[in-house]
Every structure is written in structure tokens, then in C-alpha cells.
Amino acid sequence: MSDLATSLESALGGRWAHVRQEIRGTDPRRFGPPEEELCREAYRAHTTAQLLDLAKEPYARDGLPESMGGTGDFGASVTAFEMLGHADLSLWVKAGVHFGLYGGALANLGTQRHHGAYGESLLDVSVPGCFAMTETGHGSNVQHLLTTATYDGSTDELVVHTPSVLGRKDYIGNAGRDARVAAVFAQLVTDAGSHGVHCVLVPIRDAAGTVPPGVTIEDCGPKAGLPGVDNGRLTFDHVRVPRTNLLNRYGDLDAHGVYSSPIENESRRFFTMLGTLVRGRISVAGGAGAATRTALAIATRYAEHRRQFEAPGSQTEVAILDYRVHQRKLLPAIATSYALAFAQNQLVEQMHEIQTLGDDASEQAQRELEARAAAIKVAATSHATAAIQMAREACGGAGYLAENRLPALKADTDVFTTFEGDNTVLLQLVGKGLLTAFQESFGDLQTLGRIRFGARLLADAVLERTATRSLVARIISGAPSRDSDNAELDRGRQLQLILDRERHLLEGVAMRLQKATKPGTDQFAVFNAAQDHLISAARAHIDRVLLEAFVTAIDACPDEGAKALLNAVCDLYALTTIEGNRAWYLEHDRLSPGHSKGVVASVNRLCGELRPMARTLVDGFGLSDEWLGTRLLEPLTD
Ligand SMILES: Cc1cc2nc3c(=O)[nH]c(=O)nc-3n(C[C@H](O)[C@H](O)[C@H](O)COP(=O)(O)OP(=O)(O)OC[C@H]3O[C@@H](n4cnc5c(N)ncnc54)[C@H](O)[C@@H]3O)c2cc1C
């Protein structure tokens, strides 16, 4: 690997670069895909065995607080998990469900009694767990789950019950085959009434794998991908568990069945509980980023040596990477992957700082983390879906063969846009978060009154708070006017254009939604009519967040050669983003037709200039040939 690629790898490494290095040093076969084709049951057994092997490593322990036998190095744990996204994604999901989701529920919603009782069996996987939130009837709107956990004072137990098929727990990872305990999200009911959604531990198998009376488990059957993950459906028929199985950090029942909570408002309590589980969403973004980098490295390596058609007068066929349209497929996607990797590193640091503070972290910091996590999750997973499909096509028929990994990468990551929050729903969350300046979500539409403010003031306030102001302001202040030649190549001008789109869209949607605050207005109709507008504002916000993360990482890069290359890649990211929104810029008179064409020309030119660096750029992802695990890396020789 060239020195330049090594410098890129270190720029991408972030604060937990040493964890990445450790994992790169392991045998890729250990956590990689099976070496031969396996039927579903055999694949699941293989993934379970890998999970037990993974438990020998320190990374899950890093993700837990000391009260559960962990080290509290949360950033290290999430970074390790991201690296596992270069390995087999079935293992990645299975480990994520057990350690991240089930373990996360225990750690964040439970208290000392659960930490002590379940910590070690979580770490050594002697009691595999699952996270049973989604129901057949509700995936996105989980506040309206149907499952109930009703307190019975005569036995001091909770009775967990599925009232109808719509209340059946669905798609639950690890439930189909292995899990012995489920963290079940249910409406908690006492004599005093319903207290909203809480989480209760319910045994679903004993050590021998026998399912207890009252619990019914069905397998979800074959899926589009993730063959090693045993997704299942759970139905509870008046299943009794001790009252102490309630994960009681945010809502408790005493021995008389009297409910108490440090958070009085039911909705606020629920969103606080969900907020503590933010690490799952951050981890999905990380895994999506890793899988995408694997696919792009494979497709780029292939494009370097794959030849089709001679240029006139030449005896040698042209390497497909020399075709402009092929460069336009791969290089902007690589640039976006760099932007996302930098944004992910920032996000993981932010998460680490906040979660290290525990209860001392401010509510505002927590809300900002949730909003940023939602934004990056949407960006990383939608990029994965588009870029992996593109990489598959960029390898032609060879890309379709399982032995070359792209089909599995495509099938396994497809669902990333849906789980840990559907992307469309998350985009609305990002938009609403911006509009309410990170105050409580107005998802119930009752609190729209909160957005009674001057829209322009709001947009500025939000941008002030979220931008890495000083660096970005400095760069923007040096931007040339829009009329100067090649203005689009100036970083300040790029930032200005991307920031301006976000600001304008936010102001526009805020003004539209203000109408909903007038008495007698059909709030849902006003909100629904502006839904696409809100989502466009959220997307514009994400574009700006990624560009700023890129600019910040370049600023911190100590190697001048790497810095120059990253600057060109950043130009490509910024200009392809602007290019993709040319209609908006023209409609809003932010680009003249001439400058709009200039953007296209600049993207083409940058693709040509970066073509010789394509290999270096994907080598910078730090993936050895063994980790890439495909036959597409070198040309076939006789
Ligand atoms: C392989 C797999 C593994 C999973 N693992 C788990 C697990 O371990 N534990 C668990 O609890 N869950 C799990 N899930 C469930 C997953 O989290 C949900 O599928 C997800 O939250 C989406 O919910 P849904 O399927 O009900 O879709 P819906 O919410 O019904 O969404 C369907 C469509 O409606 C759109 N939509 C919904 N609301 C709105 C709105 N307000 N405005 C506009 N459009 C809207 C969405 O964008 C989407 O296109 C898993 C799912 C899969 C497929």
C-alpha cells in the first residue's frame, strides 16, 4: 500500500484507529462469510458459532458500563462493531441484536438488579437475548404497541399478553432459533391505568431450548438477505414473569403495584427511553458505511483491470475505469463514502462523550445526538443501497456471482434503510428536530404551537447551534462572489450553496407549518401537505453535515499530500451534491445556467483528475485482499 493510502487510512481511522488496526490483524475467515454454500439452518448454526467466538474478544465488554462487568469504552465498542461490517453481515446483525439491542436495553433501561443478574450471561452469550419491540401492526409507530404487561398484585407478577395478531412481535432477530430471553416492549398496566410502553424481560426458551407454556415462537422464514440471522415472531398468552423483570430505570412498580417514574409525562418518558438506545442506530450507520466501502473497493479494483473495447487505432482494450461514465459511477460514491466515514467518526465521538457522562449529560446534548444519529443513519444506509447496487452493476456479470461477495453485500444491507428506524420516518424526525430546535418532537401534532416564531430567526438559530461554526464561517467568508469564474470550485462557495439550500428549505417549511398554529386549522392537513418539503429540508441538512465533517477532517489531517487529495475528493463530494440539486439551485436563482453547466463540467474534470488516484482512495479504506475476499481483485492470467 502506498504512503499516501496509509495517510488516508489514518485520516479515516478517527479516535479509535487502534481498534480498527487490531481487527484488521485478525484472520478474516474467523468472522467472514462461510467458505461454502450453506443451507439456512447450517448458515444459522455457523453464525451462532461465530457469535460465541466473537464473545471471546473484548469489544462487547467495552460497550457496557462497569456495573455490568464492562469497561465503558463505548466508542471503541461501536468502532469495533463498524469494522465487523467488513466481515459477514449475518454475524454483524446477530451480534448487534444480542450485544447491542438486548444488551443495550438491559444496560440503559434496566437497573443494578438486572445488570448484576444478566451482565455476565450477556457477555459470554450463555443466555442469548433478543429485542422484541416491533409488532406486526406497528413498526414505526411503536408508541402504539398492543402487547400489554399487566400487574397482578395477588402474585406480584406481570402478565405479558398479545391481544391480537397485530400485537404479535415480528421480525425479531435471534428469536427464531437461539434467544432464551426477550426484552419485550409492552404497555404497562396497573390498577391505576396504563403507563405507556415499558420493557419487560420474558424467558422464551429454557437452557434445553424448550419454549415455556404461553409463549409461541414462529420462524419468519426465508428473507431477502441475512441468511444467518434467525428472525422470529413471538406471541404471549398471559405469560407470567416476576414484577422485578420490569426494566425499571424510567418507570418502576413497588411491591404494592404502585407506579412511579422520574419523568411524569408519558410521551416524554417514552422518547427518553428510546433515546437511550441511540447506539443501535449509530451502529447501523457504521456497518452500512463499512459494507459500502467493501463494495466500492471491490468494484474499483475490478474496474482498473477489466478491459472492454479498443479506442480507435489502438490494439489494447480500454480499462473500464478509463471511461468517464464509469468514473462517474465510482468516484462520487467513493467521495460520499469518505464524507460519511468522517461524519460517522464525529458522531461516535459525540456519542462516547455523552454516554460517558451518563445521567449528567444534558437533555439538549442527548437530543442533538439523537438527531445527528438519525441523520447519519439515513445518509449511510441510503448510500449503501445505491452504491452497492451500482458497484454490482459496475462489475457486470461477475458482480452477480456469490463468490464475488457483491450479491450478499447487496441483499444483506438492503434492510438497513428499514430497521433501526425507517429512513423516511427518520428524515421527518430530523426535520422536526431542526424545526423545534431540538426540543421535544411534535410527533403528536399537539405541540405545533411551539413553532410560533419568526421562521428566519429559527433557521439561523438552528444553523448556529449545529454547525462547526468557526472553521466553516472562516471558509465561507473567503468565498468569491457567485459571478466570478469557476466560483463553484471554491470551498467557501460550495459550503455557502449547500448551507443556503438548507436554510431556505427550513425557512420555507417553518412558514408553511406556522399556519397550523392558527385556531381551527386542520393541523394534520397542513403538516401532511408540507411533508415532502420537510424531508427536502432534512436532506439538505444532511448534505451540509457531511460536507462540514469532511472539511473538519481535512483541517485536522497532518499529511500535506493526503490533505491535497482529500481536498479534491471533497470538491467532488460537494459538487456532485450541488449537481444532484441543480434544478433547485436554478429554480431559486442560486446558480446561473452558465454556472450550473460549470458544475457539471467540474464534476467531469474532477473525475478525470481523480481517476489515477482511485486505487489509492480505496486502499485508504484499509481493506486487505483477504478481507475483500473476492476473485475480482486481479486480472485472470492464462
Ligand atoms: C430483517 C429484519 C430484522 C429486524 N429486527 C428487529 C428486531 O430485532 N427487533 C425489533 O423490534 N424489530 C426488528 N425489525 C423491525 C423493523 O425495525 C421494522 O420493520 C421497522 O421499524 C419498520 O416498521 P414496519 O415494518 O412496520 O414498517 P412501516 O412503519 O409500516 O412502514 C412501511 C412504509 O410506510 C412508510 N411510512 C410509515 N410511517 C410514515 C409516515 N409517518 N409518513 C410517511 N411514510 C410513512 C415507511 O416509510 C415505509 O415505506 C426487523 C425488521 C427486519 C426486516
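All ligand and atom numbering here is 1-based and tracks the order in the structure.
Below 3.5 Å of separation, one finds no N or O of A132 facing any N or O of ligand 1. Looking at S140 next to ligand 1, an N or O pair under 3.5 Å apart turns up. In terms of polar-atom proximity, defined here as any N/O pair under 3.5 Å, D422 does make such a contact with ligand 1. Note: no N/O pair closer than 3.5 Å links H138 and ligand 1 by distance alone. The shortest N/O to N/O separation between G173 and ligand 1 falls below 3.5 Å. Of the polar atoms of M133, at least one N or O is found under 3.5 Å from an N or O of ligand 1, judged by distance alone. The shortest N/O to N/O separation between F131 and ligand 1 falls below 3.5 Å.
Within the 4.0 angstrom cut-off, atom 32 (C) of ligand 1 has no protein heavy-atom neighbours. Shown here, atom 35 (C) of ligand 1 is out of close reach of the protein: none of its heavy atoms lies under 4.0 Å off.
The closest side-chain heavy-atom distance from N108 to Q355 is not below 4.5 Å.
The two residues Y102 and A183 make their nearest non-hydrogen contact at CD1-CB, 4.4 Å. The two residues L274 and M133 make their nearest non-hydrogen contact at CD2-CE, 3.4 Å.
Taking a 6.0 Å sphere around NZ of K223, one finds it holds more than 12 heavy atoms contributed by other residues, nucleotides or ligands.
Between E266 and R269 there is no salt bridge, since none of the side-chain N atoms of the basic residue sits less than 4.0 Å from a carboxylate O of the acidic one. Comment: K94 engages D230 in a salt bridge, judged by a side-chain N to carboxylate O separation of less than 4.0 angstrom. Contact check on R293 versus E82 returns a salt bridge, with a Lys/Arg side-chain nitrogen under 4.0 Å from an Asp/Glu carboxylate oxygen. By the 4.0 Å N-to-carboxylate-O rule, R61 lies close enough to E120 to be salt-bridged with it.
Every atom of ligand 1 is numbered from 1 in the order shown, and the set under 4.0 Å from a heavy atom of Q428 is 40 (C), 41 (N), 42 (N), 43 (C). The V415 neighbourhood of ligand 1 comprises atoms 52 (C), 53 (C), with distances under 4.0 Å to a heavy atom of that residue. Of all atoms in ligand 1, listed by their number and element, those nearer than 4.0 Å to a heavy atom of I172 are 7 (C), 8 (O), 9 (N), 10 (C), 11 (O).
The salt bridge (charged side-chain N to carboxylate O under 4.0 Å, His left out) search around R392 returns none, not counting sequence neighbours. For T292, the side chain to side chain contact (heavy atoms under 4.5 Å, CB included) partners two or more places apart in sequence, or in a different chain, are L296, S337, H383, A384, A387, I388.
Only side-chain heavy atoms of V425 come within less than 4.0 Å of ligand 1; its backbone N, CA, C and O stay farther off. Contacts between N141 and ligand 1, counted as non-hydrogen atom pairs separated by less than 4.0 Å, are absent for every part of the residue. Residue contacts with ligand 1, taken as heavy atom pairs separated by less than 4.0 Å, involve Q531 solely via side-chain atoms from C-beta onward.
Among all protein heavy atoms, the one lying closest to atom 12 (N) of ligand 1 is T134 OG1, 2.7 Å. Closest to atom 23 (O) of ligand 1, if we only count protein heavy atoms, is G139 CA, 3.2 Å.
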